[in-house]
Amino acid sequence: MSLTLIICEKNIAARRIAYILSDGNYKRGRIAGIPYYSFNNHIVIGLKGHIMKLDYPEEYSKWNDIAPKNLIDVKPVKKILSPSIARALKEIAKDVKKVIIATDYDREGELIGVEVLELLPKNVEIKRARFSAITPYEIKKAFENLGSVDYNLSKSAEARQYIDLIWGASLTRFISISSNQLGKDFLSVGRVQTPTLALIVEKEKEIKNFIPKPYWIIKLSMQKNGIIFEIKSDKIEDEKEAKKIYEKIKKEGYAIVKKFQKKTIKERPPYPFDTTTFLKDASYLGFSASNAMKMAEELYMNGCISYPRTDNTVYPPLPFDSILKKLEKIMPSDIEEVRKMRRSKPVRGKKIAHDHPPIHPVDACKVDEDHRKIYELIVRRFLATISKDAVIEEKNVEMAVKNHLFKGKGTIIVEKNWRKIYPYYKMKESNIPDMEENEKVKIVTSKLKKDETKPPKRYTQGSLIVEMEKLGLGTKSTRHEIIGKLYRRNYIRGKRISPSPAGVAVTEALKKGAEIITKPDMTAALEKEMGEIAEGKKTFEEVVEESKKILRDAFKILEGRKEIIAKEIKEALNKQNYFGKCPNCGGNLIMRKSKYGKRFIGCSNYPDCKTTYPLPQKGAVFFEGEYCECGAPIITVIYKGKKWKKCVANCN
DNA sequence: GCAAGGTC
């Protein structure tokens with residue numbers, strides 16, 4: 001018997017492909033605990049993404065045994081990530097004559113396929129199926145037109161792995177060892193995480209250096225036909241000028257209409273959910289990116305929504321009617337509304353990818369509270385994208401008082417349509433009456449208001465993910481994990497994200513010695529080089545060697561600055577670990593770790609002063625200079641997106 | 001105990 005083995009990137013893809021190729025007549029089985037699907041001398045098996053991982057050989061795993069910079073020239077080895085999958089593949093391969101790689105049609109997918117080949121005997125025939133959607137048409141076409149594996153493409157992905165590992169491992173160890181942050185408290189560095197951290201550090205700097213500029217605005221409260229509305233002057237930067245104008249106009253009883261415009265605007269619904277936009281809106285609902293992603297993954301695993309990792313904002317043909325029919329069971333009145341306001345074609349976003357559809361519901365589900373919020377967001381987004389445009393009426397007026405110009409604006413939603421079903425995007429409505437040119441309108445009151453320009457806003461997890469995507473940092477699958485990592489390392493804190501002292505110190509230290517790792521440019525350059533490997537213009541060896549050279553040069557500078565770097569990071573950590581003055585002896589209270597790894601607060605005069613306080617073991621804790629009535633410091637705790645303050649002595 | 005990338 002000669003078998004054909006079809007390898008997919010994940011189990012769900014394997015099942016669907018088996019279903020399509022066998023016209024529904026496949027059998028399920030398990031081997032080494034891994035599910036597979038068989039029909040007519042074919043076996044389809046799904047992996048769990050990469051089955052190999054690049055890492056340093058065991059003997060280099062002790063950080064003190066080798067100087068970090070020497071890691072650059074150690075050859076990493078491939079290690080098996082999932083022994084059970086490797087066993088299953090080897091078992092099946094015994095009877096296999098032909099292998100078809102049917103992993104995702106992208107760079108990492110090509111490498112995942114090649115990883116499998118390394119586990120299989122060399123005498124099998126190897127083919128590659130390329131498809132950009134798991135639909136019967138695409139799949140059948142791909143399997144009728146099999147190609148061969150693109151080793152240049154897989155090599156380009158290997159170059160990325162290699163470069164990420166040598167830069168990440170060597171710099172992580174260098175920074176951690178020089179600042180003596182070892183064990184669980186190590187300080188990490190990476191091609192994606194460090195530029196992301198630098199964005200946050202940079203934003204904080206902008207906020208700190210921001211000098212607010214005062215300005216004045218004259219606001220007039222107007223009345224016509226019983227409608228009260230507001231018009232205002234432009235910003236006036238000079239106080240004297242503002243007062244002069246105000247004095248001149250404040251006793252006036254009327255303003256004269258110079259221009260009046262009324263227009264009706266059709267407002268399209270928001271485009272279908274890709275991962276980035278989904279996480280942005282979930283962030284608005286108070287979900288951290290990691291938590292939102294976890295909820296979405298669980299909803300996907302339970303068959304409630306489509307695959308949650310996608311860059312696509314354009315629906316392929318979907319069974320819209322049957323999805324609506326399913327959803328009717330759980331939200332009948334909403335679905336009735338949507339039926340009444342269906343648009344002829346769903347809206348499309350700008351980004352099109354063909355591997356996965358935009359995130360949408362696939363079935364009606366009843367789930368617990370946290371999942372429900374995420375599920376409802378996804379369902380409502382889907383419904384909005386197939387609903388009619390909202391209709392907005394916008395009025396703009398310019399009025400003059402003694403030759404000084406004032407502007408007013410009114411916005412009213414005439415027909416809510418998609419806004420009815422997707423209430424997360426709020427719009428401020430304000431009404432102004434219709435007016436005609438040269439008409440006199442009554443001024444009710446006038447005010448001169450002082451205000452000032454505002455500093456830029458800190459990132460939220462949502463806006464940070466949007467920015468990362470814009471800069472090409474990370475992927476749809478990794479961005480939320482990168483942000484989670486920065487929190488876990490205590491580099492960043494808060495919902496409105498700010499850097500910790502250590503986050504700032506590590507960024508600054510790297511900027512002065514290895515600036516490239518702190519910028520998105522490194523990813524951009526790597527993308528370009530990977531493209532060249534894929535096109536056969538450069539070899540893996542050339543690209544890796546070039547990268548190694550840049551890293552060696554960076555180490556020359558870093559090694560020279562080692563003492564300063566150590567001092568700066570240690571000072572930052574001291575600041576981070578300082579929790580105020582000891583109420584018993586006046587010494588410094590410091591966050592320490594017990595020998596079991598639990599954190600607590602102790603006095604710097606230990607053992608003479610034995611003052612200690614317990615700390616919560618989870619979340620971020622820090623001191624903002626406040627003390628409780630009992631004399632003990634008040635700490636700020638951030639955990640699971642919530643922030644609160646408490647007396648460290650628990651005196652209440 | 002290092003990275004980032006897949007996926008569970």
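FYI, side chains are in, hydrogens and waters are out, and symmetry mates aren't considered; it's all heavy atoms of this structure. Throughout, a chain's letter reflects where its sequence line sits, starting with A, and its residues are numbered from 1.
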Salt-bridge test for A:Glu369 and A:Arg372: reply yes if a basic N is under 4.0 Å from a carboxylate O, no otherwise. yes
Contacting residues from residues 528-547 of chain A, given that a heavy atom lies under 4.0 angstrom of DNA chain B: none
Whole angstroms only, please: what is the CE-P distance between A:Met295 and B:dC8? 17 Å
Could you state the CG-P distance from A:Asn302 to B:dC8, rounded to the nearest angstrom? 13 Å
Nearest heavy-atom pair of A:Gly46 and A:Ile85: which atoms, and what distance? O-CD1, 4.4 Å
Any carboxylate oxygen within less than 4.0 angstrom of a Lys/Arg side-chain nitrogen, looking at A:Glu469 and A:Lys351? yes
Lys/Arg N to Asp/Glu carboxylate O, A:Glu546 vs A:Lys549, below 4.0 Å: no
Under a 4.0 Å threshold between the charged nitrogen and the carboxylate oxygen, would A:Glu297 count as salt-bridged to A:Arg309? yes
Quick one, give me the B/S/- string for nucleotides 1-6 of chain B, reading 5' to 3', where B means a protein heavy atom under 4.0 Å from the base and S means that only happens at the primed atoms, P, OP1 or OP2. BBBBBB
A:Glu545/A:Arg552 ion pair, N-O < 4.0 Å: yes
A:Glu563 atom CD, neighbour heavy-atom count above 12 within 6.0 Å: no
Compare all side-chain heavy atoms of A:Phe186 with those of A:Gln181 and state whether any distance is below 4.5 angstrom. no
